[in-house]
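Chain letters run A, B, ... following the sequence lines, proteins first and then strands; every chain starts at 1. What you are looking at is a predicted structure, and each value in this text was computed from that prediction instead of being measured.
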2 protein chains.
Amino acid sequence: MTSVPEMRPFAESLPMALLQAREVAMRYFRPLLAEHDLTEQQWRVLRALTSADDALDAGELAARTLLLAPSLSRILAHLDERGFVTRTIDPTDQRRTLVELSPLGAKQVAQIAPESERLYAEIEAVFGDGELHALLESLHQFARKADPDPS
Amino acid sequence: MTSVPEMRPFAESLPMALLQAREVAMRYFRPLLAEHDLTEQQWRVLRALTSADDALDAGELAARTLLLAPSLSRILAHLDERGFVTRTIDPTDQRRTLVELSPLGAKQVAQIAPESERLYAEIEAVFGDGELHALLESLHQFARKADPDPS
DNA sequence: TATTGTTATACTCTATAACTATA
DNA sequence: TATAGTTATAGAGTATAACAATA
């Protein structure tokens, strides 16, 4: 009989709590993304480009979307096929790829955004506006302070 | 020119904040799991079984680990191959599979647990004990209050 | 008939390494 | 030589459906 040393109860561990919370949050948005044939990761890329407002190079986009470069490459190929993004070589450094939202991509985001915001407001209403903002603040602080390898 | 309606800044959205925080937390544990040839999901299963203390049926285990049944089935097959878990048919309901940590599985968890707890303590130290517990409480409350489809 | 779990299938992401082109 | 990005490859998870066995 091997006795297992003291460990935090599984369900109360931080990684599980974060996963569970993310799962709950994503349950609001998944049907919407599915309607528009977008994976969560594809939507992350479109959102990041929308927020950026002008072109981002692939490295910066990977960092902002928390995707690995090879994953991003394939996702961009798909989004490019569907006409949602354009990729151009950076004239000042030809190793870099500049990624931009195409007009069609912007239209796609514009179609999804209102419903997405409605769902977000629903979360705010159910959880409480103040609580949600406190949670967000705490999450951002955690990311800032606890990152063992801040890039 | 398609104008995109008002949306929350991408980096400040709850799903991204949760993902980012989880990424930061997991950076502490990934090297340890890799050392022991365990994926995050396999470790979740072993941890859940350790916490449960006695056998769980596959459905309950899937719920606790936030894994889909087909994913869990394959993961259990792998853990079974490595001798970390045992699967037996529930005598009181032969449709059910009861999953238990084997002695070898318990030994594996026991080997990893001290280092895992050390890393957890490191997170506590860096982020702050009080802040961490407040964050956990907020995450649990969110999961309870915001779940659109509580099982 | 409904439920439990597994298997089948297709798709996607992860992760590492190798490769190409450019700096 | 180092960097940026893509491609190659292997492994794994996601998601839906179909299936077998049991209740």
### Summary
Testing D:dG13, C:dT22, C:dC13 for proximity to the side chain of B:Thr39, the answer is D:dG13
### Message
With a cut-off of less than 4.0 Å, is there a side-chain N or O of A:Arg30 near OP1 or OP2 of D:dT14?
### Response
no
### Query
A:Leu33 CG to C:dT12 P: how many Å, rounded?
14 Å
### Query
Starting at CG of A:Leu66 and ending at P of C:dC13, how long is that distance when rounded to a whole Å?
14 Å
### Message
As a quick check of understanding, evaluate side-chain contact (heavy atoms from CB on, under 4.5 Å) for A:Arg82 and A:Asp37, giving each step before the final call.
### Response
CA-CA 11 Å; A:Arg82 291 173 69 179; A:Asp37 267 307; 3.7 Å; yes
### Message
Taking only side-chain N and O atoms of B:Gln94, does any of them lie within less than 4.0 angstrom of OP1 or OP2 on D:dA21?
### Response
no
### Summary
From CG of A:Leu38 across to C1' of C:dC11 the rounded distance in Å is 15 Å
### Basic-acidic side-chain contact under 4.0 Å: B:Arg30, B:Glu35
no
### Query
Going by the ring-ring contact (aromatic ring centres under 6.0 Å, His included) test, which pairs reach into residues 91-128 of chain B, not counting sequence neighbours?
A:Phe142-B:Phe127
#### Entry: Distance, rounded to the nearest Å, where A:Asp37 contributes CG and C:dA10 contributes P
18 Å
## Note on the structure
Note: for B:Leu67 and B:Pro91 on DNA chain D, the residue whose nearest nucleotide lies more 5' is B:Leu67
### Task
Whole angstrom is fine here: how far is it from NE2 in A:His78 over to P in C:dA10?
16 Å
### Message
Under 4.0 Å between a side-chain nitrogen and a carboxylate oxygen: does that hold for B:Arg22 and B:Glu40?
### Response
yes
### Query
So does A:Glu124 pair up with B:Arg8, basic N to acidic O under 4.0 Å?
yes
### Task
Step by step, work out the side-chain contact (heavy atoms from CB on, under 4.5 Å) result for A:Leu98 and A:Thr86.
CA-CA 8 Å; A:Leu98 294 175; A:Thr86 58; over 6 Å; no
### Message
Under 4.0 Å, counting only non-hydrogen atoms across every strand here, what does B:Arg44 touch: a base, just sugar-phosphate, or nothing?
### Response
nothing
### Query
Within this structure, what is the CD-to-P distance between A:Glu40 and C:dT14, rounded to whole angstrom?
10 Å
### Task
Sugar-phosphate atoms are those with a prime plus P, OP1 and OP2; base atoms are the rest. Using that split, label each nucleotide of nucleotides 1-10 of chain D B, S or - for protein heavy atoms under 4.0 Å, 5' to 3'.
--BSSBBBB-
### Message
Distance check needed: D:dT14 P versus A:Ile75 CD1, whole Å only.
### Response
16 Å
### Message
When you group the ILVMFWY residues by side-chain heavy-atom contacts below 4.5 Å and let the links chain together, are A:Leu46 and B:Leu19 in the same group?
### Response
no
### Task
Using atom CG of B:Leu79 as one end and atom P of D:dG11 as the other, report the distance to the nearest whole Å.
17 Å
#### Entry: Proximal nucleotide (of D:dA23, C:dA15, C:dC13) relative to the A:Leu68 side chain
C:dA15
